[in-house]
Amino acid sequence: MTESSGQNGPVEGGRPLRRDAALNRERILHAAREIFGQQGLGVTLDDVARHAGVGVGTLYRRFPTKESLIRALFQEDLRIRQESAEKALAHPDPWQGLVDFLTEMTADLAENRGLHEVLMLGEHTSEPIETARGGMLPFLEALIHRAQESGDLRPEVTASDIPVIQHMLYAAAQFTRGRQPEIWRRYLDVLLNGLRRRPDNPPLTTPSLSDETVERAMGIVRPPPR
């Protein structure tokens, strides 16, 4: 006999899932996180089912489309990104808050191909994911402004520089994938040394990308103004 899930357990169609159904759902999400992280979003639902050790029918009952699985998986990741930014903004040291945010975000992205494709490349997007991705810009702007006001961050840096920096660090991690996976930390240190404001900083001669250019590169589509 199966046990019913508690009131705080997973809900589907407005009703709590049975315990066995909830366990299957978590097994599928865990497997999807692993296989998407390793191989990217090109894997099939059949691949996910095999990796999870469940039947294809079980997977389709929980997630009838690949988009629904990706949305369930990465909406949580996007929420974590925003919580990380809020924590960074609450740090008493603006520079350290920015450093902590960049470090946490890069650690998540460096070895997670699927997360990189959703967050940074806009693949398999949907309205909820799109909204969350676009909602990161105000957090980035606030982190940048705060660190510049404290005199720690050079004034030329803009929020649009952050996604580009993340791409650079992801590329460094992929360059040594499986051999020296933490190498991105070295290049983050190099970049942080360049971002920090010092009296002898030479000026940056190339302007940053516009927000619109970065959003197009990331696949973020803003709705037309009404």
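Numbering of residues begins at 1 and proceeds along the displayed sequence. Quick caveat, the model's predicted, so the values are computed rather than measured.
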Practice task
Give a yes or no on whether the backbone of Thr103 and the side-chain of Thr106 come within a donor-acceptor separation of less than 3.5 Å.
Solution key: no

Problem - SB check Arg196 Asp152 (cutoff 4.0 Å) - result: yes

Exercise for the section: Could you pull out the closest heavy-atom pair between Leu140 and Pro163, with the gap in Å? Expected result: CD1-CD, 4.4 Å

Problem - N/O donor-acceptor pair under 3.5 Å between Asp108 side chain and Met105 backbone - result: no

Handout entry: Gap between atom NE2 of His145 and atom CG of Leu98 - 0.5 Å precision
Key = 13.5 Å

Handout entry: 4.5 Å side-chain heavy-atom contact, Leu102 and Leu192
Key = yes

Problem - side-chain contact (heavy atoms from CB on, under 4.5 Å) between Leu137 and Asp211, intermediate numbers included - result: CA-CA 9 Å; Leu137 182 59; Asp211 292 337; 4.0 Å; yes

Handout entry: Contacts of Gln96 that satisfy side-chain contact (heavy atoms from CB on, under 4.5 Å) - sequence neighbours left out
Key = His91, Asp93, Val99, Asp100

Practice task
Would you check if Phe36 and Arg113 make a side-chain contact, meaning some heavy-atom pair closer than 4.5 Å?
Solution key: no

Handout entry: Hphob cluster co-occupancy, Met168 + Tyr170, side-chain heavy atoms under 4.5 angstrom
Key = no

Problem - Inter-residue atom distance Leu143.CG - Glu141.CD, 0.5 Å rounding - result: 10.5 Å

Problem - Carboxylate-amine/guanidinium contact Arg185 Glu182, below 4.0 Å - result: yes

Problem - Minimum heavy-atom distance between Ala49 and Leu59, given as atom pair plus value - result: N-CD1, 3.6 Å

Problem - Contacts of type ring pair (Phe, Tyr, Trp, His ring centres under 6.0 Å), residue Phe101, not counting sequence neighbours - result: none

Handout entry: Salt bridge Glu83-Lys87, side-chain N to carboxylate O under 4.0 Å
Key = no

Practice task
For residues Leu45 and Thr65, determine if any side-chain heavy atom of one lies less than 4.5 Å from a side-chain heavy atom of the other.
Solution key: no

Handout entry: Side-chain ion pair, Arg50 and Asp47, N-O less than 4.0 Å
Key = yes

Practice task
Under the side chain to side chain donor-acceptor pair (under 3.5 Å) rule, what do Glu156 and Ser208 come out as? Steps first, then yes or no, please.
Solution key: CA-CA 8 Å; Glu156 306 100 317; Ser208 63; over 6 Å; no

Handout entry: Flag, side chain of Arg198 to backbone of Gly194, donor-acceptor distance under 3.5 Å
Key = no

Handout entry: Closest contact, heavy atoms only, Met136 versus Ala85
Key = CE-CB, 4.4 Å

Problem - Basic-acidic side-chain contact under 4.0 Å: Arg81, Glu104 - result: no

Practice task
Of all the heavy-atom pairs spanning Leu89 and Arg146, show the shortest one and how long it is.
Solution key: O-CZ, 3.1 Å

Exercise for the section: Give, for atom NE2 of His30 and atom CG of Leu73, the distance between the pair rounded to the nearest 0.5 Å. Expected result: 11.0 Å

Exercise for the section: Without swapping roles, check the side chain of Gln148 against the backbone of Val157 for a donor-acceptor pair under 3.5 Å. Expected result: yes

Handout entry: Expected output: side-chain Arg154 to main-chain Leu195 donor-acceptor under 3.5 Å
Key = no

Fill in the blank from the handout: Taken to the nearest 0.5 Å, the spacing of Phe175 CZ from Gln180 CD works out to 11.0 Å

Completion exercise
Here the gap from Arg197 atom CZ to Trp95 atom CH2, rounded to the nearest 0.5 Å, amounts to 12.0 Å

Practice task
Give the minimum heavy-atom separation between Pro181 and Ala173, together with the two atoms involved.
Solution key: O-CB, 4.5 Å

Problem - Stepwise side-chain contact (heavy atoms from CB on, under 4.5 Å) check, Leu191 with Leu169 - result: CA-CA 9 Å; Leu191 290 169; Leu169 295 170; 3.8 Å; yes

Exercise for the section: Show your working on side-chain contact (heavy atoms from CB on, under 4.5 Å) between Trp184 and Thr176 and close with a plain yes or no. Expected result: CA-CA 9 Å; Trp184 62 266; Thr176 60; over 6 Å; no

Fill in the blank from the handout: For Leu209 and Ser160 the tightest heavy-atom approach is O-OG, 2.6 Å

Practice task
Find the distance between CD1 (Ile28) and CZ (Phe63) and round it off to the nearest 0.5 Å.
Solution key: 6.0 Å

Practice task
Begin with the C-alpha distance, continue with both residues' side-chain angles, and end with the deciding distance and a verdict on side chain to side chain donor-acceptor pair (under 3.5 Å) for Arg61 and Thr58.
Solution key: CA-CA 5 Å; Arg61 278 194 296 275; Thr58 298; 3.2 Å; yes

Practice task
Give a yes or no on whether Val56 and Val43 share a hydrophobic cluster (residues Ile, Leu, Val, Met, Phe, Trp, Tyr; joining criterion: side-chain heavy atoms under 4.5 Å apart).
Solution key: yes

